[in-house]
Structures are given as structure tokens and as C-alpha cells.
Amino acid sequence: MLTRPSRPSRRRGAAAALLTLLAVSAGSALVAQPASAATSTPAGSLDAVSTAPGRVTVRGWTYDPKASSRSTSVRVSIAGTPARTIAANQTRTDVNRVKRVSGKHGFTGTIDAKATGKKQVCVTASHIGSGRDRSLGCRTVNIPSENPIGVLDSAVGGTGTVKVAGWAYDPSSTVSSLTGTVTIGGTRAGTITMNRTRSDVDRVKHVTGKHGFTDTLKTTKTGRQQVCITADNIGAGADSTIGCKTVSISAPKPTNTPKPEPTQPVQTPTPEPTKPVETPTPTADPNAMPASAPAGWTRTFSEDFTTDAASGKFSDTYGDRFVAYDGFNDTSGAGKYSESALSTSGGNLNMRMHTDASGQPIGAAIVPLVGGQWGGQVEARYDIRMRADSLPGYGVAGLLWSDNNVWSDGEIDFPEGALDGNVTLSNHCPQSPADNCLHEDLDTTFTGWHTYTVERTAKQLTFYVDGKVVASTTQNLPTKPLHWVLQAATHTGEKPGANVDGNLQVAWMTVSAPAGK
């Protein structure tokens, strides 16, 4: 809609009034042009600002109305610092059509950004001749660093040793595994390779590859020492220190050279009388479910899968004791959960991972119903006896998950990992779940039968393998109810090979409550 021009001053005259009227009339399709050339400014738009590690890309258009067929330029600043001048000399037929001009007026340019994090990017259009420049606007964007990012999850001092664990990757090459340098007390202690599977990192950071590390280094340092990890950069950027922790290191005990024993005369032993052959006592089934919960606990759920159920018929037999996932995408998005992957035979639950006839990777997931009811616990002990075939591209996640489906309520993962890799455990930090407050990469693999246990109380979180404590913490404990889920599905966002086919097998599962509660 046009705006009626104000009545011109008699001092300006009819010619000035006509110029003003023409300019306003042109505004029906264009930006109104100034009546005086001395005050003209460029027209233009900052269409988009995008980022990549260490880089910012701007896109838009501009021209000067006084010379609309000529190309101009724009100046870019990042966080208030001039960064680059970019020529506006790219073809923009849309601008020429709408603004009724000719020439090349588009601009696209990528600038190396020294500043990273949340920064303001501003673009200013340059004028031609008399007049003044014009701001095309500012955008606040997050500029990722080119340097490696990661976390030193834990550092534990031993006797003449330090064990470190964590993860790191380079934004310039997210599929590559990095190397890193460990310093202890400011002295270089050795090099580590960050090539262990960390499915939690891949899931949260939306990357693929192997980026975890767990390593033990020898040291002559003793007492309280600071341990730091520096990840080695790939491509553009620089090496980056991903974390430091203070540990206590014990000195190795001195070894005493034993004194030689006096030589004793050789005595010929008296022959033992022949004993009758005894028939050995049959050994107990190592996969049999314990008859009761350990001391201090009361069993509230148990299942040893002694009743056979055909593929796809799991819920017909066990539907009062489990919820089975069916028909929706798995966590990585590359596969689907299906009840057809569940069956029981020979006293084991079979969770079959494979690719179906349509090319869709298939997995399975179950949730035990404690007391026949859906819902989690605040304090409980979870035991599972299981093994799995080594299946590239597939993984397992035994996890305690929020009843409210709120990640910040907490997440505890064990056992977790790629089925062709090692077992890991994690406690995601409540209120900051993208970080791990506890993580361990164990030397245990999934191919053998093992009993995995999580004990969760109000004061402590403890992890066991075959009854032996492998990790424990009293810090950053979740306080909300969490329910138990066992997922066997694709491990990354890529589909596994179509010929990969095998099972995760469960001999038994139990849930126990603290005795007297």
C-alpha cells in the first residue's frame, strides 16, 4: 500500500516534489529510494549465517541505488573484530527481478574464525561514491572449535601407576580415532590411543567412529600429582588439553632378594599306597539362577526363561512379566525393534539381531515389570546373566532410564557397548546428562557368559562383574525412579552388513529391593 506524500514545501519547487513522488511510488515493488543522492545508502539483505569448525559463512545481496548495475562489497566482523571484505559480485536473478535492477549483487563468503563459541557476526554493505555504508544486520551463532574436544572422565592412582579413561574426537574428522599425550606432575608419561568404542559419546555428539580411551601408565612420581590429557589435533586447529585430575600415587614396595636356602640332602619319597578311583561329583550349572538374593536384599522379580516361546510369540508367554518393544526405530535410528526378534529355548532368552528381507536391521528390547507393574525404583539391585555373539554394527545397552522419559532425571548404563568390542559402564550426570560423572571401559568382552550387577542405593552406586566390584561412586547419584531396559540393536547410525546375524542370550534376570524396605 502506498503512502500519500506530504505536500512539498514551496521552497523545494515542483521538480523536487516530482522526484519525491516517483521515489515513493517505486516503493510498491522496491525499497523507496532517497530523494537526495547525498544521503543514499546501499540496499541489501543478510540472508544466512552458518558455521563449521573454525569457520563462518555469510550469504546475502547488496547494491547501491546510485549505480545499481555495478557490483559492490560487504565487510564482515566477528565478535566486533573486522574479519574480511567480500565482493558482492555473484548472480542473483531473484534480486534483479524483484528490485528491477541489473548486474551481479550476491555475496557468499567463508571466513576463518579465530574466536569460537557463541559470537555475533555482523555484515556491513559498502556504498559507492557519496553516501554512507549500511548495516545488513547481525546474527548470534555458535562457532565450533577446530581443536579436539573431549573429557577426561577419570584418573585413578595406583602403586607406581595411573589409570586414565575418557574420550576425545576432532571436529575436522569426526570418524578418526585420535592419539593423546599423558602428563603426570608436569612430566610426559606416555602416549595413548583413543580408539575404544564409546556409544554414549556417538549418541550424544552425533558422530561415528571410536573415540574412547582407557589406559594404565607407569610412573616414578608419588604422592598427590596432577594428571592431564592432551588430544592430538588432525588437520586445521591445534592440540587440545581435554582435562586434568589430581590423584594419589603410592610408591612401589622395595623387593627383597631372598637368601639362598642351605642345600638339603635328596630323600627318596616312600611310595604312596594306590587309592581307588573316585567318581567326580557333577558340577553345578554355571548359568543356573541363584535361589535367593544376596544378604541385605529381598528379591522382587526373577525370570530364568524355562518356558519355550517361538519367535514373535514372546508376549503370549511372558507378557505379564515384560514389555517388549515393537515397530519403532532403535536408538541409533538405523534399525527397528521387533518382537519377532525375541524367542526362548533351552532355558535362555534369545534376542536375535539381523537384517530382514526388506533390508531393515532388526533388534529387540524388553522392560521387566516388577510386581507386574510398569515403573522404576529409587533403590534396587539388578542382576543379569548374559552373553552375545560378536556382531559388527550391533550393540547392547542395559540401562536404567527415567520413568518420566526425562534424560536429566538420570541414566545408568551397564553392560553397554558394541558386541564386537569391550563392555563399558556409565553414570550420566543428573541435570547435565551429556556428561559422564563416571565411566569405565572394562577388559571384559560380550562373547563369554558373565553376570552383570548394578546396585543402586541412596548413598552409593556400585557395578559388579561375576560378583567382583569393577566401579563404585558416592557422587552425582540420580534420585528419581529409573526402570530397567535391555536393548539389543544397531550400534551406530550406519546399517550393519546384511549377512551379520546372531543372538544376545540371557540365562536369567533378577531385581531386588533393600531388605526391610
Side-chain angles (χ1 to χ4, degrees), residues 45-60 74-86 107-125 135-155 164-181 183 194 198 200-209 211-213 226-245 407-408 411 426 428-437 439 476 493:
S45 170
L46 174 58
D47 293 338
V49 179
S50 59
T51 63
R55 292 174 175 82
V56 173
T57 299
V58 295
R59 179 180 180 275
V74 296
R75 302 188 307 278
V76 182
S77 66
I78 300 175
T81 301
R84 182 182 168 189
T85 297
I86 301 172
F107 63 85
T108 301
T110 299
I111 305 102
D112 289 336
K114 295 181 180 179
T116 59
K118 187 174 287 187
K119 304 297 179 185
Q120 190 176 62
V121 178
C122 297
V123 177
T124 302
S135 170
L136 298 184
C138 300
R139 304 280 178 86
T140 298
V141 296
N142 185 47
I143 307 173
S145 172
E146 292 179 302
N147 304 336
I149 61 174
V151 172
L152 173 58
D153 288 326
S154 65
V164 294
W167 59 269
Y169 68 88
D170 194 313
S172 302
S173 181
T174 58
V175 300
S176 301
S177 296
L178 303 183
T179 57
T181 301
T183 60
M194 303 171 176
R198 283 293 298 266
D200 56 328
V201 173
D202 290 352
R203 182 175 67 249
V204 173
K205 298 298 184 180
H206 306 291
V207 297
T208 58
H211 307 297
F213 63 86
Q226 188 178 58
V227 179
C228 296
I229 308 288
T230 298
D232 298 333
N233 178 69
I234 295 177
D239 297 346
S240 177
T241 298
I242 62 171
C244 296
K245 292 184 181 293
W407 196 18
S408 59
E411 177 185 353
S426 300
H428 291 260
C429 305
Q431 308 306 319
S432 182
D435 299 321
N436 275 325
C437 288
H439 179 84
N476 302 295

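Everything quoted here is computed from the prediction, not taken from an experiment.
Across every non-hydrogen atom of D170 and P148, the tightest pair is OD2-CG, 3.9 Å. Of all heavy-atom pairs between E146 and S172, the closest is O-OG, 3.8 Å. Nearest heavy-atom pair across S173 and I234 is CB-CG2, 4.3 Å. Here the closest heavy-atom approach between residue A155 and residue V164 is recorded as CB-CG1, 4.2 Å. Shortest non-hydrogen contact noted between H439 and S426 is ND1-OG, 2.8 Å.
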Decide side chain to side chain contact (heavy atoms under 4.5 Å, CB included) for R55 and I111; before the verdict, give the C-alpha distance in whole Å, the side-chain angles of both, and the deciding distance to 0.1 Å.
-> CA-CA 6 Å; R55 292 174 175 82; I111 305 102; over 6 Å; no
Stepwise side chain to side chain contact (heavy atoms under 4.5 Å, CB included) check, L46 with V58 | CA-CA 7 Å; L46 174 58; V58 295; 4.3 Å; yes
Between T57 and V49, does a side chain to side chain contact (heavy atoms under 4.5 Å, CB included) hold up when you go through it step by step?
-> CA-CA 6 Å; T57 299; V49 179; over 6 Å; no
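Only one option out of L178, V201, I242 pairs with W167 in a side-chain contact (heavy atoms from CB on, under 4.5 Å); it is V201.
Between the side chain of H211 and the main chain of T174, a donor-acceptor pair closer than 3.5 Å is present. Between the side chain of N147 and the backbone N or O of A238 there is at least one donor-acceptor pair closer than 3.5 Å.
Under 3.5 Å, the side chains of T230 and T181 contain no donor-acceptor pair of N or O atoms. Under the 3.5 Å distance criterion, with hydrogens and angles disregarded, no donor-acceptor pair is assigned to the side chains of T124 and S135. There is a side-chain donor-acceptor pair under 3.5 Å between T179 and D232. Between the side chains of S432 and D435, a donor-acceptor pair is found at a separation under 3.5 Å.
How far CE of M194 is from OG of S176: 13.5 Å, rounded to the nearest 0.5 Å.
A salt bridge links R198 with D153: the closest approach of a Lys/Arg side-chain nitrogen to an acidic carboxylate oxygen falls below 4.0 angstrom.
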